Each structure stands twice: as structure tokens, then as C-alpha cells.
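Here is the structure we will look at.
All figures in this text were calculated on a predicted structure; none of them were measured in a lab. Just so it is clear, the values below take in all heavy atoms, side chains as well, and ignore hydrogens, waters and symmetry mates.
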Amino acid sequence: MAQEVGVKSIPNLRQFGRDLDLLSDQLTNAYHAANRKMQVVCEGWNDQVNAKFMQEFQKDEKQIEEIASHMKEFAAFIKKSCDILDMYHNIKI
């Protein structure tokens with residue numbers, strides 16, 4: 001079955017899924033940290049340029065959350081697929 005689906009290395013695929021899940025967490029954590037810092041900076045910066053920047057930054061947040069969510073979903077799919085492939089390989093005929 002592994003050959004049928006084109007998976008050459010289940011451990012490598014599984015690791016990629018874990019890496020993707022970690023990347024998703026890192027992406028959202030880094031963005032939220034930047035957002036907190038931006039809030040502090042914006043306390044002393046109140047003009048039209050700042051308002052536009054804040055609006056764009058908040059719009060980008062939705063896109064980042066969506067990307068991170070897709071990475072989580074794909075990581076879960078990879079894990080499930082690897083579990084099925086492992087189960088298939090462990091079947092004794």
C-alpha cells in the first residue's frame with residue numbers, strides 16, 4: 001500500500017507532519033507577540049499612518065490564522081495517513 005500511494009518513507013512523512021504542526025504554532029505565536037509589541041508602540045503613535053497600518057496588520061492576522069489552520073489540518077491528515085500506513089505494514093499475513 002505504501003508504494004501504491006507513493007510514500008517512500010513513512011517516518012519522514014510523519015516528521016514533516018510534526019514539523020508542519022510546529023510551524024503553525026510558531027507562526028501564530030510570533031504574530032501574536034508582534035501584535036502585542038505593536039500595541040505598545042501604537043500607544044505613542046496616533047495618526048493616519050498608524051491607523052492604516054493597524055488596519056492592514058489586523059487584516060493580515062486573519063490570513064495568518066487561516067494559513068496556520070490549514071497547516072494544522074494538513075498535519076492531522078498526514079498523521080492519520082501515517083497511522084493507517086503503519087497499521088497496514090504491521091499486519092501479519
Side-chain angles (χ1 to χ4, degrees):
M1 180 175 181
Q3 296 300 329
E4 294 170 7
V5 294
V7 175
K8 292 181 181 180
S9 173
I10 296 170
N12 285 348
L13 182 60
R14 189 178 296 279
Q15 183 60 52
F16 175 69
R18 286 191 296 262
D19 292 346
L20 198 57
D21 192 51
L22 180 62
L23 177 60
S24 172
D25 291 340
Q26 291 172 338
L27 178 63
T28 55
N29 289 340
Y31 188 84
H32 292 302
N35 194 5
R36 287 188 298 274
K37 290 178 182 179
M38 182 189 62
Q39 296 297 330
V40 171
V41 167
C42 288
E43 289 175 6
W45 178 27
N46 192 14
D47 62 10
Q48 288 181 333
V49 173
N50 177 47
K52 183 177 180 186
F53 178 77
M54 289 284 293
Q55 184 180 18
E56 291 294 320
F57 197 85
Q58 290 170 348
K59 185 177 81 172
D60 292 343
E61 181 177 12
K62 292 176 185 170
Q63 292 173 334
I64 287 172
E65 293 289 341
E66 186 175 320
I67 291 167
S69 176
H70 287 148
M71 285 191 288
K72 287 277 188 190
E73 290 170 9
F74 193 56
F77 171 78
I78 289 171
K79 182 188 180 314
K80 182 178 177 181
S81 297
C82 287
D83 290 345
I84 291 168
L85 290 168
D86 280 340
M87 188 173 58
Y88 174 79
H89 283 288
N90 292 329
I91 293 174
K92 305 283 189 229
I93 297 179

To the nearest 0.5 Å, atom CG of N50 lies from atom CD of E43 at 11.0 Å
Same cluster or not: are L13 and L22 linked, directly or through other Ile, Leu, Val, Met, Phe, Trp or Tyr residues, by side-chain heavy atoms under 4.5 angstrom apart?
no
- Message: Donor-acceptor pair, distance only, cut-off 3.5 Å: does the side chain of S69 make one with the backbone of E65?
- Response: no
OG1 (T28) and CD1 (I67) are apart, to the nearest 0.5 Å, by 11.5 Å
Here the ring pair (Phe, Tyr, Trp, His ring centres under 6.0 Å) pairs for residues 34-66, sequence neighbours left out, are Y31-F57, F53-F57
CG (L85) and CG (N90) are apart, to the nearest 0.5 Å, by 11.0 Å
Closest heavy-atom pair, G17 versus A75, reported as atoms and distance to 0.1 Å, is O-CB, 3.3 Å
Rounded to the nearest 0.5 angstrom, the CD1-SG distance for I10 and C82 is 6.5 Å
So CD1 of I64 and NE2 of H32: to nearest 0.5 Å the spacing works out to 9.0 Å
Derivation and outcome, side-chain contact (heavy atoms from CB on, under 4.5 Å), residues R14 and I78: CA-CA 7 Å; R14 189 178 296 279; I78 289 171; 5.7 Å; no
Audit row: F16, N12, side-chain contact (heavy atoms from CB on, under 4.5 Å) steps and yes/no:
CA-CA 6 Å; F16 175 69; N12 285 348; over 6 Å; no
query = In terms of hydrophobic clustering (I, L, V, M, F, W, Y; side-chain heavy atoms under 4.5 Å; direct or indirect links), are V40 and M54 co-clustered?
reply = no
Separation between CD (Q55) and CG (D60), nearest 0.5 Å, reads 11.0 Å
Between E61 and N35 the two heavy atoms that sit nearest each other are OE1-ND2, 4.0 Å
Residues passing the salt bridge (charged side-chain N to carboxylate O under 4.0 Å, His left out) test with D25, sequence neighbours excluded, are K72
Between the side chains of R36 and Q39, does any donor sit under 3.5 Å from an acceptor?
-> no
So does D21 pair up with K79, basic N to acidic O under 4.0 Å?
no
